[in-house]
Amino acid sequence: FRDMCKCELKYYLSDVCVGMPSDYPLIIDPMDVGKNTPILVIDEVGYDNLDRPVNYAIEYLPGNRMQFSLVRKCLDRQQ
């Protein structure tokens, strides 16, 4: 992304949910995923160093093809 768009990504804000292939037929058919195989759906926006949204993506990850480790942080809701 940095080389093609000349922009550095600082962070992503992502919504993550589980879906079924029947919910996404146009994406899943070419991936040859079984109809009962859950998929991970990641809807995300990438931000630059000035906190501007510069990238949007939806990722569809079938089965156990990826593993994520999360760091969870409590946010100060008074900001």
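Predicted model only: the values in this text are computed from it and were never measured. Quick note: numbers below take in every heavy atom, side chains included, and nothing from hydrogens, waters or symmetry partners.
Scored by the ring pair (Phe, Tyr, Trp, His ring centres under 6.0 Å) test, Tyr12 finds no partners at all (sequence neighbours excluded). Thr37 meets the side-chain hydrogen bond (donor to acceptor under 3.5 Å, both in side chains) test with no other residue; sequence neighbours excluded. Residues satisfying the salt bridge (charged side-chain N to carboxylate O under 4.0 Å, His left out) test with Asp43, not counting sequence neighbours, are none. Looking at residues two or more places apart in sequence or on another chain, you find no salt bridge (charged side-chain N to carboxylate O under 4.0 Å, His left out) involving Asp15.
One hydrophobic cluster, built from ILVMFWY side chains closer than 4.5 Å, cannot hold both Leu13 and Leu50; they sit in different ones.
Pairs engaging residues 49-62 under the salt bridge (Lys or Arg N to Asp or Glu O under 4.0 Å) rule: Lys10-Asp51, Asp48-Arg52 [sequence neighbours left out].
Considering every non-hydrogen atom in both Val54 and Tyr47, the closest pair reads CG2-C, 4.2 Å. Looking at every heavy atom in both residues, Pro62 comes nearest to Ile39 through CA-CG2, 3.6 Å.
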Donor-acceptor pairs under 3.5 angstrom involving side-chain atoms of residues 16-28: please list them, not counting sequence neighbours.
from, atom 1, to, atom 2, distance (Å)
Asp23, OD2, Met20, N, 3.4

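Using a 4.5 Å cut-off on side-chain heavy atoms (C-beta onward), Leu9 and Asn55 make contact.
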